[in-house]
Amino acid sequence: MKEALLYQKLGNNSVRCDLCAHRCVVHDGKAGICKVRENINGILYTKVYGRTIAQHIDPIEKKPLYHFYPGSKAYSIATPGCNFHCLFCQNWDISQLTGTGFQASGEEATPEQIVQDTEQTGCKSIAFTYTEPTIFFEYSYDIARLAHDTGVKNIYVSNGYMTSEMLEMIAPYLDAINIDLKAFQDKTYRRVMGARLQPVLDNLKKIKQMGIWLEVTSLIIPGINDDPKEIRGIANFIAIELGKDVPWHLSRFYPAYKMNDVPPTPLKSLQATKEIGLETGLNYVYIDNVESIDDSETKCPQCDSILIKRSHFGVIQNNIKNGQCPECNLKIAGVGL
Ligand code: SF4
């Protein structure tokens with residue numbers, strides 16, 4: 001186990017973890033809400049450093065990032081554990097591990113090995129994904145710093161619940177981030193995710209101000225966050241607080257974990273959500289995980305010509321020239337276009 005970063009000693013061998021917005025007070029012999037960080041004799045340790053539970057080469061579109069080096073590959077890694085307990089988690093078998101599960105599962109991999117594997121497999125970037133990169137911060141931080149020196153890009157796919165202290169530490173090495181905005185009501189965040197809404201909204205604004213490339217994802221779940229008023233709230237927040245060029249990805253819910261009794265999101269509900277996003281003025285709204293090429297294509301917000309066609313999370317046609325629309329020369333928002 002490795003001593004954690006970002007915690008304070010409180011006396012009586014208790015500590016406060018400052019890694020995520022839960023800011024757990026962890027007493028001697030106990031673990032925080034994520035179960036990943038444990039206090040042993042007044043020292044806070046991370047139990048997941050240097051051990052991956054998943055390593056895959058994915059299209060960058062699968063993160064999803066549609067405006068960041070489209071068509072490139074991301075070396076994607078995760079450790080077990082999460083600071084959220086979403087009842088609908090699609091990766092619950094690795095995100096909700098506890099106890100000895102952390103040490104018993106996965107494979108050892110040093111930061112050097114991860115960066116080396118990324119380069120050898122021709123990946124443009126490393127994606128810290130599948131579970132929550134905040135809770136494997138120390139590992140991702142060491143990998144990201146090494147990768148940064150070699151020119152490999154770093155990507156977080158996150159629930160956006162980190163503290164500003166953590167965000168400021170990782171920001172110099174972070175090239176892009178996709179944040180889940182899972183609902184627009186605090187009571188939903190508390191009941192379904194075991195967290196609060198406001199820290200996520202604050203971080204979204206901060207990330208945008210920091211100039212890190214940002215895309216937002218919302219999993220649309222029937223009866224949880226699909227009310228048009230709530231959808232409009234999310235779309236307005238993105239348009240006003242983050243900017244109309246921030247891509248918004250809509251994902252279809254499939255029954256999982258503790259929400260097996262909820263049906264998949266109807267396609268017409270996803271289409272209606274997309275319409276609200278476009279009416280609000282967002283320039284790039286996508287439906288990701290359904291079999292429709294049209295819903296994942298990028299169109300020029302000025303002249304409506306098709307810029308990128310995608311299928312199965314891959315690019316099948318990219319018409320962007322030097323970051324611009326080939327028809328009207330509008331500069332298209334993104335990095336590496
Ligand atoms: S990372 Fe978050 S959930 Fe885990 S111990 Fe720290 S404050 Fe608590």
Problem set entry | Flag side-chain contact, heavy atom, 4.5 Å: Pro301 against Leu330 | yes

Problem set entry | Arg37, Lys2, Arg145 screened by salt bridge (Lys or Arg N to Asp or Glu O under 4.0 Å) with Glu138, the one that passes | Arg37

Exercise. Do Leu197 and Ile33 share a hydrophobic cluster (ILVMFWY, side-chain heavy atoms under 4.5 Å, transitive)?
Worked result: no

Exercise. Do Arg310 and Tyr66 meet the cation-pi criteria used here (NZ or CZ under 6.0 Å from the six-membered ring centre, within 45° of the axis)?
Worked result: yes

For this session: Salt-bridge test for Lys206 and Asp202: reply yes if a basic N is under 4.0 Å from a carboxylate O, no otherwise.
Result: no

Exercise. Distance only, no hydrogens: is a donor on one side chain within 3.5 Å (strictly under) of an acceptor on the other, for Asn178 and Thr217?
Worked result: yes

Problem set entry | Single-linkage hydrophobic cluster Phe136~Trp92, side-chain heavy atoms < 4.5 angstrom | no

Exercise. If you measure from the Lys or Arg side-chain nitrogens to the Asp or Glu carboxylate oxygens, is any gap between Lys73 and Asp58 under 4.0 Å?
Worked result: no

Problem set entry | Side-chain H-bond candidate by donor/acceptor type, Lys63 with Ser76, under 3.5 Å | yes

Exercise. Can you find a pair of side-chain heavy atoms, one from Leu5 and one from Leu19, that are under 4.5 Å apart?
Worked result: no

Exercise. How about Ile224 and Leu219: do any of their side-chain heavy atoms sit closer than 4.5 Å?
Worked result: no

Problem set entry | Flag side-chain contact, heavy atom, 4.5 Å: Ile177 against Trp213 | no

For this session: Say whether Phe237 and Tyr161 are linked into one hydrophobic cluster, either directly or through other cluster members, by side-chain heavy-atom distances under 4.5 angstrom.
Result: yes

Exercise. So, are Asp180 and Lys182 salt-bridged, with charged N and O less than 4.0 Å apart?
Worked result: yes

Exercise. Does a side-chain heavy-atom distance below 4.5 Å link Gln271 with Asp295?
Worked result: yes

Exercise. Does Thr265 reach the side chain of Asp226, with side-chain heavy atoms less than 4.5 Å apart?
Worked result: no

Exercise. What orientation do Tyr286 and His67 show, parallel under 30°, tilted 30 to 60°, or perpendicular over 60°?
Worked result: tilted

Exercise. So, do Tyr156 and Ser140 sit near enough that their side-chain heavy atoms are less than 4.5 Å apart?
Worked result: yes

